[in-house]
Visitor: 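After the structure tokens below, expect a handful of questions from me.
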Number of protein chains: 2
Amino acid sequence: MSKSSPRPKPSQSSKESAPKVSKATTSRLVLYLRELQQLERSGYSTVRSISLGKQLGINDSQVRRDLGALGLAGRPGVGYSVSELTQSIRVILGTDRKWGVILIGVGHLGQALAGYRGFAEQGFHLLASFDTAKEKIGTKVMGITVLSLEKLESTLLKIQVQLAIVAVPSAEAQEVVNRLSRAGVEGILNFAPVNVKLQQGNLSVVNVDLALELQRLAFEVVKKDDE
Amino acid sequence: MSKSSPRPKPSQSSKESAPKVSKATTSRLVLYLRELQQLERSGYSTVRSISLGKQLGINDSQVRRDLGALGLAGRPGVGYSVSELTQSIRVILGTDRKWGVILIGVGHLGQALAGYRGFAEQGFHLLASFDTAKEKIGTKVMGITVLSLEKLESTLLKIQVQLAIVAVPSAEAQEVVNRLSRAGVEGILNFAPVNVKLQQGNLSVVNVDLALELQRLAFEVVKKDDE
DNA sequence: ATATGTGAAAAGTTTCACAGCC
DNA sequence: GGCTGTGAAACTTTTCACATAT
């Protein structure tokens, strides 16, 4: 119940910090943060589990369990401190620090991602971009010079990068992921609509398949239609 | 066990077709389809639950349960017909038909989405695009003339549209969604990083928040780091 | 008075293990 | 032999309901 920095609860592992957050809670964590940042901007200083939940379509008990699992406490009769929650979740997610990001594939989607304001707002900084198309190499896209993909490994030796955004054609995605993996990149946000295989274990991948999301939407509509 | 078109199982509802597929199964449905389409292109005619599952990181029993819940049967000792499965899942998802789609917001992201090949490949056809910026109105983006957002309602009376892609700034998203809802659009793929509220019930929304995905990735990396 | 934190129950999901079919 | 279909067990997640804190 201490008010200071959030601690991972009593803890039972030998190593430091192992909060062991469930998958279900993890999937909601970023949603809480987005809502809390919105509340903070709107000037709220506290929030109750029931209103935070209502905003996200989550049961109030669920919200309290999730926050409890993260070691975040509220005050009975009052609610949770918005700023405390926001800061703590950012620490847990790792978005309190700055992340170096590179972009592979500067097609239409890649260019849009290079200019996406939301990334920088959350601490993600685009440090370099790569493509194989000769006519793009050397040009500036969103203020960043496009490098030849051949320079990938040598560039990664020079700059501090943890994450890569992959926006290349499906056929090239696996090879690009392999090279990023070997070069020591720790996380990949993959926009290529394929299931990339991971050789070793020290690499995380999050997939975003835009056509898949539109298919999910179509299915929702179809389900509603034959209610 | 019939070989013909897949049927929603015995069925207990009064109305036609109500397969009642679980949320968990639903979330995997599009992944099965993507993998099956890949297998089809590679020339496979049958697939076993264990290999389909391995490709997607899913237990083989899970795969059989999912397909069973959809009314899709395999052949013991052989496996599932790739083409039958592909076609049946497309029918279930509703992506066997053509969908009319409009785009609201022709910024960098909107332009990239307008030109995204994967949409048309799955039956989604962009019929019109809208923006409020005077300098964009009347220009062609990916072969489609950008219309004034004021023309939204009048245009929707003329063309057959079920889905809308919303790629406008956060501050404008709610108002755009309200207008789309009133105009009778059935589904919205929302790229604005806000939780839009739905007034009535006959509208589905799927959210894609790109910064959120990058935060999820950062969290995965952080979790691995303190293993 | 109001909202948290949490045991306990309920609901949902995954995995095991094996009978039955090809 | 090999693979599906599925009861039953194991596990996870959600919800209820209320004691406890401010």
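Just so it is clear: chains get the letters A, B, ... in the order the sequence lines come, proteins before strands, and each one is counted from 1. Side chains are part of it too, since the values below use all heavy atoms of this structure and drop only hydrogens, waters and symmetry mates.
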Visitor: For A:Arg179, is there an ion pair with A:Glu153 - N to carboxylate O distance below 4.0 angstrom?
Guide: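 A salt bridge links A:Glu153 with A:Arg179.
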Visitor: Identify the pairs formed between an N or O of the protein and an N or O of nucleotides 7-9 of chain C at a distance under 3.5 Å, and give each distance.
Guide:
residue, atom, partner, partner atom, Å
C:dG7, N7, A:Arg65, NH2, 3.1
C:dG7, O6, A:Arg65, NH2, 2.6
C:dA8, N6, A:Arg65, NH2, 2.8

Visitor: Output the rounded distance in Å from CD (A:Gln62) to P (C:dA10).
Guide: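 Whole-Å distance recorded here is 18 Å.
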Visitor: Calculate the interatomic distance between A:Asp60 atom CG and D:dC18 atom P; express it in whole Å.
Guide: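 Taking CG of A:Asp60 and P of D:dC18, I get 15 Å after rounding.
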Visitor: Does B:Arg28 put a side-chain nitrogen or oxygen below 4.0 Å from OP1 or OP2 of C:dT14?
Guide: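 Yes, such a contact exists.
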Visitor: Please determine, for the side chain of B:Asn59, which listed nucleotide (C:dT13, C:dT15, D:dT4) has the closest atom?
Guide: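 Output: C:dT15.
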Visitor: C:dG5 P sits how many Å from A:Arg64 CZ, rounded?
Guide: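 Answer to the nearest Å: 8 Å.
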Visitor: Assign each of A:Ala24 and B:Gly79 to its nearest nucleotide of DNA chain D by heavy atoms, then name whichever residue's nucleotide is nearer the 5' end.
Guide: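 Upstream on the strand: B:Gly79.
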Visitor: Donor-acceptor pair, distance only, cut-off 3.5 Å: does the side chain of A:Lys197 make one with the backbone of A:Gln174?
Guide: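 Checked: no pair found.
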Visitor: In whole Å, what is the span from the CD1 atom of A:Ile50 to the P atom of D:dA17?
Guide: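 Rounding to the nearest Å, CD1 of A:Ile50 and P of D:dA17 are 14 Å apart.
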Visitor: Can you tell me how far P of C:dT4 sits from CG of A:Leu70, to the nearest Å?
Guide: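 It is 15 Å, rounded to the nearest whole Å.
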Visitor: A:Arg75 has an atom CZ; how far is it from atom C1' of D:dT20, in whole Å?
Guide: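 Whole-Å distance recorded here is 16 Å.
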Visitor: Is B:Ser49 close enough to D:dC3 that one of its side-chain N or O atoms is under 4.0 Å from OP1 or OP2 there?
Guide: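 False: B:Ser49 side-chain N/O out of range (4.0 Å or more) of D:dC3 OP1/OP2.
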Visitor: OP1, OP2 of C:dA3 versus side-chain N and O of A:Arg48: anything below 4.0 Å?
Guide: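 Yes, A:Arg48 has a side-chain N/O under 4.0 Å of OP1/OP2 on C:dA3.
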Visitor: Evaluate whether atom CZ of B:Arg41 has more than 12 neighbouring non-hydrogen atoms of other residues, nucleotides or ligands under 6.0 angstrom away.
Guide: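 It does: B:Arg41 CZ has more than 12 such atoms within range.
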Visitor: Determine the sole option in B:Ile165, B:Leu189, B:Leu113 for which the side chain to side chain contact (heavy atoms under 4.5 Å, CB included) test with B:Val208 is passed.
Guide: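 Per the side chain to side chain contact (heavy atoms under 4.5 Å, CB included) rule, the option paired with B:Val208 is B:Leu189, out of B:Ile165, B:Leu189, B:Leu113.
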Visitor: Grab the two heavy atoms, one from A:Val194 and one from A:Ser170, that are nearest each other, plus how far apart they are.
Guide: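 Heavy atoms of A:Val194 and A:Ser170 come nearest at CG1-CB, 3.7 Å.
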Visitor: For residues 44-55 of chain B, please give each side-chain donor-acceptor pair under 3.5 Å, one per line with the distance, not counting sequence neighbours.
Guide:
residue, atom, partner, partner atom, Å
B:Ser49, OG, B:Arg64, NH1, 3.1
B:Ser51, OG, B:Arg48, O, 3.1

Visitor: May I ask you to evaluate whether B:Tyr80 reaches the phosphate of C:dC22, defined as a side-chain N or O under 4.0 Å from OP1 or OP2?
Guide: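 No, outside the criterion.
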Visitor: D:dT12 C1' sits how many Å from A:Lys20 NZ, rounded?
Guide: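 That distance rounds to 12 Å.
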Visitor: Just how far is it from atom CG of A:Leu217 to atom CZ of B:Phe124, taken to the nearest 0.5 Å?
Guide: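 Result: 7.5 Å between the selected atoms.
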Visitor: Using whole Å, what does the distance between atom P of nucleotide D:dT4 and atom CG of B:Leu72 come to?
Guide: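 After rounding, the reported distance stands at 13 Å.
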